[in-house]
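Take a look at the structure below.
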Amino acid sequence: MAFRINSAIFRSKSRSILSFLKTDLGCTANMSSANGPKVFVSRRIPEKAKALITSQCNAILWEKDEPPPRDEYLKAIAGIDGLFCLLTDKIDAELLDAAGPNLRVVSTMSVGYDHVDVKECAKRNVAVGYTPGILTKATAELTIALLLAATRRLKEGIRAVENGEWGTWKPMWLCGQGLDGATVGIVGLGRIGYTVAQCLNPFGVAKFLYSGGRRPDAEVELKAEYADLDRLYAESDFVIACCALTPETAGMFNADAFKKMKKTAVFVNSSRGGVVNQDDLCAALQSGEIGAAGLDVTTPEPLPTDSPLLRLSNCVVLPHIGSATHDTREAMAVLAAQNLIAGVKGEKLPSQVE
Ligand code: DGY
């Protein structure tokens, strides 16, 4: 076994005497279900999910907000039956090999699973769990917050107030573009894209264009029009990226795409940083090829503080907080825990990547 139990740092208080033991890798070994399946939880997670896991599994908990260094991660997972991971953990062949042949499930606490090599998992008969659905509303809400922040110039406004640049009320100062009468183009009308459109509709949006998979329901409910990307870029006042990161979408928002957009277009991305060519976006924002951008995701994350994007007044960057409401994060963690537990029992996962 990869761990030596350091009995000097017992943490059990009111819990059972063998409740939690610190290991020499900085993890906490939960011994309350010592005979249960062995699982590794790669981050500090909401209590409710932790309790669910530790009630049924022999859990090794990395109880920190920062991920384990890769070498420690690889050591910690040796011989596990199940892995609870986050979107920042690269789950590739090396890691799956380090886990070994007992591994039955990789459960990610995210709807995106571009960080998991699903093919390598399938080769090893490892089920992959994810958390679709429950973060849709929170992420749509944040996408709209970003859109409004970018188009109504909130970053410049807040800075002006804080820097004492707020003079008298001026008719032309900090004007942006409203949603009333606008055309909104959504690239990827999946769960989140659809909800974004539903929420934007009452703002008086004149037309929704969308690309990606066909959604007849959106064409009825929102009168959304399916459009090829050229048309979507050319006609949209707002272009919102809601598509998953795949080999097909990687870097699709590039110089070519920005050139096709309106000079006033507001570009919003709450999916994955990898769908954008960030240098091209920066150049488009600097040269006035497009009007503004709102990003909740970047490459890399965290975005270095010397990134030129952060110096642009027409670019709002948030730290990947689309799903960050208390209830949503707890629900995501609980669903990921349920996926993990079902997986180690050899059952079908409640939300399984097919
Ligand atoms: C996800 O779940 O994939 C989001 O990016 C974070 O909630």
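Source: prediction; values computed, not measured. Counting convention: from 1, in listed order, for ligands and their atoms alike.
No part of T131 comes within 4.0 Å of ligand 1, judged by heavy-atom distances.
Taking distance alone, with nitrogen or oxygen atoms compared against 3.5 Å, S110 stays at or beyond that limit from ligand 1. Residue V111 has at least one nitrogen or oxygen atom sitting less than 3.5 Å from a nitrogen or oxygen atom of ligand 1, judged on distance alone. Between M109 and ligand 1, no pair of N/O atoms sits closer than 3.5 Å.
Of all heavy-atom pairs spanning C242 and V196, the tightest one is SG-CG2, 4.4 Å.
Within the cation-pi definition used here (under 6.0 Å to the ring centroid, within 45° of the axis), R215 does not qualify as a partner of Y210.
Listed by atom number, the atoms of ligand 1 under 4.0 Å from R272 heavy atoms are 1 (C), 3 (O), 4 (C), 5 (O). Heavy-atom proximity to L135, at under 4.0 Å, picks out these atoms of ligand 1: 2 (O), 7 (O). Near H320, the atoms of ligand 1 lying under 4.0 angstrom from a non-hydrogen atom of the residue are 4 (C), 5 (O), 6 (C). Interface of M332 with ligand 1, defined as ligand atoms under 4.0 Å from a residue heavy atom, comprises 2 (O), 7 (O). Here is the list of ligand 1 atoms found below 4.0 Å of a heavy atom in S323: 6 (C), 7 (O).
A salt bridge does not link R43 with D65: none of the charged nitrogens is closer than 4.0 Å to a carboxylate oxygen.
The shortest side-chain heavy-atom distance between L154 and L148 does not fall under the 4.5 Å cut-off.
Between F40 and F84, the distance from one ring center to the other does not fall under 6.0 angstrom.
Inspection of the D89 and S42 side chains reveals an N or O donor paired with an N or O acceptor under 3.5 Å.
A heavy-atom separation below 4.0 Å is not found between R329 and ligand 1.
Remark: the backbone N or O of T183 is paired with a side-chain donor or acceptor of D237 at under 3.5 angstrom.
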